[in-house]
There are 2 protein chains.
Amino acid sequence: MLTISQLAAYAGVTVRAVRHYHAKGLLPEPERDQSGYRRYGAAAVVELVRIRILADAGVPLSRVRELLSAADPEFAQAVRDIDLRLRAEIRERQQHRERIARLASGESLALPPEAVAYLDRMRELGFGERLVDIERDSWILIAAQIPDEVGTFMAIKHAQIEHEPLRRLYLDIESMADCTHDDPRLPELADRVVVFIEAAAAVAHELETGVPEDYQVSDALAHLLDSAFCETFPWATRLLELLEERGWTGWTNIRRLTLPT
Amino acid sequence: MLTISQLAAYAGVTVRAVRHYHAKGLLPEPERDQSGYRRYGAAAVVELVRIRILADAGVPLSRVRELLSAADPEFAQAVRDIDLRLRAEIRERQQHRERIARLASGESLALPPEAVAYLDRMRELGFGERLVDIERDSWILIAAQIPDEVGTFMAIKHAQIEHEPLRRLYLDIESMADCTHDDPRLPELADRVVVFIEAAAAVAHELETGVPEDYQVSDALAHLLDSAFCETFPWATRLLELLEERGWTGWTNIRRLTLPT
DNA sequence: TGCCGCCCTGACCCAGCGTCAAGGTCAAGC
DNA sequence: GCTTGACCTTGACGCTGGGTCAGGGCGGCA
């Protein structure tokens with residue numbers, strides 16, 4: 001008769017594993033000797049080897065129990081199921097490999113390549129780290145929420161920073177990075193923003209396009225982006241208030257305020 | 001400010017996952033409002049999205065923590081490590097697929113194809129299920145212990161059952177399947193076995209090959225196989241005793257008894 | 001005021017064992 | 001006969017990445 005460690009050695013598993021299989025009901029508990037030790041016969045080695053062969057083929061232990069006593073057709077079905085699962089797991093890993101490869105090459109963690117290009121262009125044009133950071137974070141959020149539309153919005157953004165007057169507005173925003181709520185430049189900035197917005201609205205009206213809906217993100221996302229903006233620049237909250245005084249609300253999706261009657 | 005469920009919705013994860021990341025230290029615990037609710041800013045969404053991007057690329061959460069704040073070289077190293085792990089896991093799954101494919105095709109669970117052929121041949125030659133079963137179990141054990149030598153031993157076995165006198169001996173052994181310890185045919189059987197063994201030994205002596213060591217399995221395996229034999233046929237224990245009286249010990253590795261002086 | 005939905009913490013659950021912990025047993029050497 | 005070291009027993013906690021209660025505290029709406 002064999003002790004548990006001898007049994008385990010014959011089957012090439014650990015003692016702990018054998019006890020685990022007992023607990024799971026894969027291997028029947030053998031007789032005990034007078035001191036309570038488990039005593040195994042050769043048949044137990046055969047059973048244990050069969051368990052390990054299935055387990056080594058990637059069969060989960062819960063199915064091993066069924067399969068040990070399965071007839072051919074159920075066995076074949078189970079094998080198909082397991083093969084499907086293995087294929088799915090392999091595909092999953094392969095997708096993971098592609099993703100981390102992209103993370104490694106694209107230096108920047110969560111951004112599509114066009115966004116990386118945009119941020120680089122911002123740096124070239126003299127934007128500082130504060131504004132680049134908030135833009136990066138914004139694009140991380142946009143890419144996470146509406147990955148398919150990043151391209152569209154990115155094109156708009158690119159056009160904006162290449163448009164010189166608008167770029168100067170942005171640069172001025174950045175130069176105010178550390179100003180306070182009552183900075184006298186804030187009302188002035190609000191005025192300049194309104195000029196831009198109204199000019200754009202007039203052009204849109206002239207072209208009879210109205211406010212192009214396609215260029216608006218969802219309200220929830222717009223609100224989130226506005227929050228991120230306000231978290232980075234505390235004075236932005238005040239700026240939004242000043243804009244509301246001038247009849248405009250929001251920032252990402254800035255729109256004319258509908259006054260309460 | 002966002003509640004935990006809003007945060008989770010923005011990042012496409014569950015509330016439970018967010019709390020899990022807090023517990024793991026991946027995402028800093030935010031301020032609480034006066035009623036103890038967590039309140040998040042937009043920056044938390046960005047952090048959470050970054051966590052998910054890494055996690056979705058198969059990075060274990062424990063490494064995500066390091067990677068979030070890693071500089072480029074460590075990041076690159078970590079990516080290489082993770083890619084290695086993913087490749088290893090894919091290879092593992094592919095081997096699992098091959099193995100279960102073989103299990104499915106080879107009908108018989110733990111046997112190499114030559115063993116399956118051998119068992120089929122036994123059935124053709126009129127051996128019954130009892131003997132085929134013990135042979136199957138024996139070959140499961142042999143294949144598990146010394147897979148590389150199965151071919152060698154299998155060849156011997158094939159030759160043995162094709163040798164007619166020996167085959168008849170085996171068939172007679174099976175016909176005694178249910179006999180008792182004191183069956184009169186047992187001593188007779190023992191005599192016949194000894195005749196065979198001594199003839200084989202004489203031939204070996206004549207050819208000056210001695211007992212061919214290559215054809216012997218390890219003592220431990222031989223003992224295990226003998227045990228399996230005795231478990232299947234209770235009278236086999238008695239047979240081994242009778243053989244010892246006749247100067248031979250063991251069954252799988254039967255050898256001349258060295259008498260105590 | 002009651003109800004519904006959201007929030008909180010704490011705790012158990014899954015696989016497949018590894019790894020103590022605390023104590024009983026066995027064989028061998030002195 | 002005593003000690004030592006190896007081996008046996010059960011029980012419990014650990015890992016990953018959360019899911020899923022349970023029990024109780026809030027918030028806003030009719």
Measuring to OP1 and OP2 of D:dG27, would you say a side-chain N or O of B:Ser35 lies under 4.0 angstrom away? yes
Hey, is the side chain of B:Tyr21 poking within less than 4.0 Å of OP1 or OP2 on D:dG18, counting only N and O atoms? yes
Nearest-nucleotide pick for B:Gln34, side chain only, options being D:dG27, D:dG17, C:dC8: D:dG27
Distance from A:His181 atom NE2 to A:Leu242 atom CG, nearest 0.5 Å? 10.0 Å
Given the structure, check if the side chain of A:Arg16 and the base of C:dT19 hold any donor-acceptor pair shorter than 3.5 Å. yes
Base, sugar-phosphate, or nothing for A:Arg52, non-hydrogen atoms under 4.0 angstrom? sugar-phosphate
A:Ala17 vs A:Arg39, nearer the 5' end of DNA chain C by closest nucleotide: A:Ala17
Would you mind reading off the distance between A:His22 atom NE2 and C:dG16 atom C1', rounded to a whole angstrom? 16 Å
Between A:Gln6 and B:Val59, whichever has its closest DNA chain D nucleotide further toward 5' is A:Gln6
Counting any heavy atom closer than 4.0 Å, what does A:Arg85 reach on the DNA or RNA strands: base, sugar-phosphate only, or nothing? nothing
Candidate nucleotides D:dG18, D:dC26, C:dT9, ranked by approach to the side chain of B:Arg32 - the nearest: C:dT9
Within the structure, does a side-chain N or O atom of B:Lys24 lie under 4.0 Å from either OP1 or OP2 of D:dT16? yes
Do the rings of B:Tyr40 and B:His22 sit parallel, tilted or perpendicular, given the 30° and 60° boundaries? parallel
For A:Arg38 and D:dC8, is the shortest distance between a side-chain N/O and OP1 or OP2 below 4.0 Å? no
Measure from CD on A:Glu89 to C1' on D:dT16 and round the result to the nearest Å. 14 Å
Among D:dC7, C:dT9, C:dC17, the one nearest A:Ser5 by side-chain distance: D:dC7
Rounded distance (Å) that lies between atom P of C:dG16 and atom CG of A:Leu54: 12 Å
State whether the distance check finds a donor on one side and an acceptor on the other, under 3.5 Å, for side chain B:Tyr37 versus base D:dG27. no
Under 4.5 Å between any side-chain heavy atoms of B:Ile140 and B:Asp137, yes or no? yes
Measure from the side-chain heavy atoms of B:Thr3 and tell me the nearest of C:dT9, C:dC26, C:dC7. C:dC7
Is it the case that C:dT9 (base atoms only) and B:Arg19 (side chain only) share a donor and an acceptor within less than 3.5 Å, ignoring hydrogens and angles? no
Atom CD of B:Glu29 with >12 non-hydrogen neighbours under 6.0 angstrom: yes
Of C:dA15, D:dG18, C:dG16, the nucleotide closest to the side chain of B:Thr14 is D:dG18
To the nearest 0.5 Å, what is the distance between CG (A:Leu67) and CG (A:Leu61)? 11.5 Å
